[in-house]
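These notes are about the structure you will find just below.
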Amino acid sequence: MSSNCIFCKIIRGEIPGRKVYEDEDLVVIHDIHPAAPVHLLMVPREHFDNLDTAEDRHLRLLGKMQLLAPRLAREQGATNGYRVVTNNGPDGGQEVYHLHVHVLGGPRPWKRL
Ligand code: 5GP
Ligand code: ZN
């Protein structure tokens, strides 16, 4: 938990987020500025910055998000393929320093993230 983190605030219900899925480990919301017709953010409940600070104990969580992506992409209408992306650090284009996985899909064209 990090008091100033926008994703922690969404997880705590302090600011709104359009949730499509949640369980004991993570919350999935629609991105507020979608870069594709389907643009989901898979956000762990635990705050850690990015893959640089991920630990061995996050192995199950990281795998779970990869395996959840196809199901949520399909449910949200990305039936013809999708991308699963994590941005890390300044040159990785990371804006929010709470690890998250983008799921992008839907009919092209859409800008690559
Ligand atoms: P990053 O560049 O860190 O990988 O991606 C951060 C993503 O979070 C961006 O795609 C941005 O549009 C999204 N985002 C930033 N603030 C909010 C917010 O308050 N709510 C939601 N749903 N998405 C947000
Ligand atoms: Zn956070």
Side-chain angles (χ1 to χ4, degrees):
M1 203 255 274
S2 175
S3 54
N4 275 332
C5 169
I6 194 114
F7 288 166
C8 283
K9 286 181 179 170
I10 291 174
I11 286 166
R12 289 199 298 269
E14 291 171 12
I15 61 170
R18 287 173 58 215
K19 272 184 208 166
V20 301
Y21 174 89
E22 67 181 314
D23 66 21
E24 68 278 15
D25 297 315
L26 60 106
V27 171
V28 182
I29 56 175
H30 288 282
D31 196 292
I32 202 166
H33 295 127
V38 175
H39 189 170
L40 306 175
L41 301 172
M42 313 177 85
V43 185
R45 290 188 186 277
E46 180 187 338
H47 179 103
F48 55 105
D49 285 2
N50 56 31
L51 290 176
D52 291 336
T53 49
E55 299 174 9
D56 285 352
R57 66 190 176 79
H58 295 121
L59 184 62
R60 188 181 142 275
L61 169 71
L62 294 169
K64 181 177 182 171
M65 291 192 287
Q66 298 291 307
L67 293 175
L68 192 56
R71 178 184 134 194
L72 295 182
R74 193 169 53 245
E75 284 177 5
Q76 293 301 316
T79 53
N80 194 39
Y82 55 89
R83 298 183 69 218
V84 181
V85 177
T86 298
N87 298 325
N88 296 277
D91 287 353
Q94 186 174 11
E95 292 170 9
V96 178
Y97 278 73
H98 177 136
L99 179 128
H100 53 281
V101 178
H102 297 257
V103 179
L104 298 129
R108 288 193 178 259
W110 39 272
K111 75 177 185 217
R112 296 192 81 86
L113 196 68

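Computed from a prediction, not measured in an experiment: that's the story for all the values here. Any value given below was found using the heavy atoms of this structure, including those in side chains, with hydrogens, waters and symmetry copies removed.
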### Query
Could you state the interatomic distance from CZ (R45) to SG (C8), rounded to the nearest 0.5 Å?
11.0 Å
### Query
Quick one: CD on Q76 to NE2 on H30, what's the gap to the nearest 0.5 Å?
4.5 Å
## Note on the structure
Between H39 and H33 the two heavy atoms that sit nearest each other are ND1-O, 4.0 Å
### Query
Quick one: are L68 and V101 in side-chain contact, heavy atoms under 4.5 Å?
no
### Task
Could you please spell out the steps behind the side-chain contact (heavy atoms from CB on, under 4.5 Å) verdict for E75 and V20?
CA-CA 9 Å; E75 284 177 5; V20 301; over 6 Å; no
### Query
Among the clusters formed by ILVMFWY side chains lying less than 4.5 Å apart, do V96 and V27 turn up in the same one?
yes
### Message
Would you say that T53 contacts L99 through its side chain, given a criterion of any heavy-atom pair below 4.5 Å between the two side chains?
### Response
no
#### Entry: Closest approach of P70 to Q66 (non-hydrogen atoms, all atoms of both residues)
CD-O, 3.2 Å
### Query
If we only count heavy atoms from C-beta on, is the Y82 to L40 side-chain gap below 4.5 Å?
no
### Query
Got a second to check how far R12's CZ is from S3's OG, nearest 0.5 Å?
7.0 Å
### Query
Can you hop from L26 to V103 via hydrophobic side chains spaced under 4.5 Å?
yes
#### Entry: Co-membership, hydrophobic cluster, residues I11 and I6, 4.5 Å side-chain
yes
### Query
Between I32 and I29, is there a shared hydrophobic cluster once you connect ILVMFWY residues whose side-chain heavy atoms come closer than 4.5 Å?
no
### Message
Check this for me: D23, atom CG, are more than 12 non-hydrogen atoms of other residues, nucleotides or ligands nearer than 6.0 Å?
### Response
yes
### Rounded distance (nearest 0.5 Å) linking atom OG1 of T86 with atom CG of N50
9.5 Å
### Hydrophobic cluster membership, Y21 vs F7, 4.5 Å side-chain cutoff
no
### Task
Find out whether V84 and M65 are in side-chain contact, i.e. whether some heavy atom of one side chain is under 4.5 Å from a heavy atom of the other.
no
### Query
Would a 4.5 Å heavy-atom cut-off, applied to side chains only, mark L104 and D31 as touching?
no
### Query
Taking all non-hydrogen atoms of both residues, which atom of G106 and which atom of A78 are closest, and how far apart?
N-CB, 3.6 Å
### Message
I need the minimum non-hydrogen distance between A54 and L62, along with the two atoms involved.
### Response
CB-CD1, 4.3 Å
### Message
Please report whether the ring centroid of H100 lies less than 6.0 Å from that of H98.
### Response
no
### Query
For P37 and W110, which heavy atoms make the closest approach, and how far apart are they?
CD-CD1, 3.6 Å
### Query
In this structure, are over 12 heavy atoms from other groups packed under 6.0 Å from N80 atom CG?
no
### Query
Do E46 and L61 come close enough that some side-chain heavy atom pair is under 4.5 Å?
no
### Message
Nearest 0.5 Å, please: how far is CG in N87 from CG in L51?
### Response
10.0 Å
#### Entry: Side chain to side chain, H102 and R83, heavy atoms closer than 4.5 Å
no
